[in-house]
Amino acid sequence: MSSRLVGVGVGPGDPELVTVKGVNALRAADVVVVPVMDTGERGRAEATVLHYVAAEKVVRMVFALNERTDRARREAAWDAAGERVAGMLRERRCVAFATIGDPNVYSTFTYLAQTVGELAPGVVVETVPGITAMQDLAARSGAVLTEGTEPLTLVPVTAGSAVLKEALAGPGTVVAYKFGRQAGEVAEALRETGRLDDAVWGSALGLPEESVRSAAEMDGRPLPYLSTLIAPPRRGGGRGGKL
């Protein structure tokens with residue numbers, strides 16, 4: 001039987017938001033890899049995984065998760081992790097990689113899977129979907145992500161505030177990820193496009209330090225890096241008005 005690498009989405013932080021299929025995949029794997037920064041602190045993925053599997057089954061692996069400028073450092077981390085996981089797959093039948101959110105949405109798993117695929121072409125790669133931060137924030141804040149024919153645009157603000165402004169000028173809901181360090185620019189973009197009053201942001205969802213607030217309360221100071229923003233369009237016409 002071929003070795004398998006399974007990317008498992010473990011949600012935005014609340015252990016209760018891991019799917020049954022996700023828990024089963026974590027428990028069925030021979031080893032569960034979790035990404036950590038080189039500073040060594042426990043990340044959300046690891047903390048969530050430890051609610052469901054024994055610590056001795058978990059392997060911490062360093063990634064340059066917060067690196068945005070040094071491409072060589074990022075790629076060196078991907079290479080090292082890929083080599084290590086490929087080695088595990090030669091010895092074990094199934095390795096799971098736990099990632100916050102969903103493994104196919106802005107996830108480190110994407111780069112790991114590509115690397116392992118080159119090092120061990122026979123490995124089967126699978127993913128188990130996870131609940132995303134935008135879904136969790138919508139539930140906790142009461143924000144409706146889409147109605148009727150509205151489009152939904154997801155923007156990582158690490159791509160630049162110009163990308164966000166372009167999306168906000170469109171007709172549908174805009175979700176922004178990783179905007180905390182540019183909170184001032186984001187607030188200004190919301191103000192310019194008339195979306196400030198209806199937008200909400202959240203961070204540390206499902207954790208003791210959780211914060212869910214109106215975007216109008218942003219004062220320009222930086223917010224936690226993994227903050228999420230939902231900016232709905234103006235809606236009128238009553239029930240079904242967007243159909």
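Shown here are the side chain to side chain donor-acceptor pair (under 3.5 Å) partners of Glu16, two or more places apart in sequence or in another chain: there are none. Among residues two or more places apart in sequence or in another chain, the side chain to side chain donor-acceptor pair (under 3.5 Å) test is passed with Gln182 by none. Here Thr173 pairs with Arg235 under the side chain to side chain donor-acceptor pair (under 3.5 Å) rule; sequence neighbours left out.
Within a 6.0 Å sphere centred on CZ of Arg213, heavy atoms belonging to other residues, nucleotides or ligands number 12 at most.
Put simply, CZ on Phe179 and CG on Leu164 are 9.5 Å apart, with the number rounded to the nearest 0.5 Å. Expressed to the nearest 0.5 Å, how far OG of Ser214 lies from CG of Asp198 amounts to 8.5 Å. Residue Leu223 holds its CG atom at 8.0 Å from OG of Ser211, rounded to the nearest 0.5 Å. A distance of 8.0 Å separates CZ in Arg191 from CE in Met218, rounded to the nearest 0.5 Å.
Counting only distance, with no hydrogens or angles, the side chain of Lys165 and the backbone of Leu190 share no donor-acceptor pair below 3.5 Å. Checking side-chain atoms of Thr115 against main-chain N and O of Gly82 turns up no donor-acceptor pair under 3.5 Å. No donor-acceptor pair closer than 3.5 Å links the side chain of Tyr52 to the backbone N or O of Val18.
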- Message: Between Trp78 and Leu112, is the side-chain contact (heavy atoms from CB on, under 4.5 Å) condition met? List the steps.
- Response: CA-CA 6 Å; Trp78 296 339; Leu112 177 66; over 6 Å; no
- Message: Apply side-chain contact (heavy atoms from CB on, under 4.5 Å) to residues Val33 and Met88 and explain how you reach the verdict.
- Response: CA-CA 10 Å; Val33 174; Met88 290 179 178; 4.1 Å; yes
- Query: For Val95 and Asp30, what are the C-alpha separation, side-chain angles and deciding distance, and is it a side-chain contact (heavy atoms from CB on, under 4.5 Å)?
  - Reply: CA-CA 6 Å; Val95 173; Asp30 298 297; over 6 Å; no
- Message: Using the rule given for side-chain contact (heavy atoms from CB on, under 4.5 Å), can you reason through Val10 versus Arg44, listing the C-alpha separation, both sets of side-chain angles and the distance that settles it, and then say yes or no?
- Response: CA-CA 9 Å; Val10 296; Arg44 293 189 196 179; over 6 Å; no
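Nearest heavy-atom pair, Leu5 versus Ala113, reported as atom, atom and distance to 0.1 Å: CD2-CA, 4.1 Å. Listed here is the closest heavy atom pair of Ala55 and Leu50: CA-CD2, 3.8 Å. What you find for Thr146 and Pro151 is that their closest heavy atoms are CG2-O, 4.3 Å. Taking all atoms of both residues into account, the shortest heavy-atom contact from Ala45 to Ile100 is N-CG2, 3.6 Å. Of all heavy-atom pairs spanning Leu119 and Ala86, the tightest one is CB-CB, 4.1 Å. Minimum interatomic distance between Pro222 and Ala183 (heavy atoms only, all atoms of both residues): CA-CB, 4.5 Å.
Side-chain contact between Pro35 and Phe109 is absent, with no heavy atoms from C-beta onward closer than 4.5 Å. You'll find the side chain of Pro224 stays beyond 4.5 Å of the side chain of Leu226, heavy atoms only. Within the 4.5 Å cutoff, the side chain of Arg84 has heavy atoms near those of the Val59 side chain.
By the 6.0 Å and 45° rule, Arg181 stacks over the aromatic ring of Tyr225.
Residue pairs that meet the side-chain hydrogen bond (donor to acceptor under 3.5 Å, both in side chains) test with at least one member in residues 119-142, sequence neighbours left out, are Arg4-Glu126, Asp14-Arg140, Asn104-Thr127, Thr132-Gln135, Asp136-Arg140, Arg140-Glu210.
Other cluster members for Val20: none, since no ILVMFWY side-chain heavy atom sits under 4.5 Å from it. If you chain together ILVMFWY residues whose side-chain heavy atoms come under 4.5 Å of each other, Leu152 ends up grouped with Val105, Tyr106, Met134, Leu137, Leu145, Leu154, Val175, Tyr177, Val200, Leu205, Val212, Ile230.
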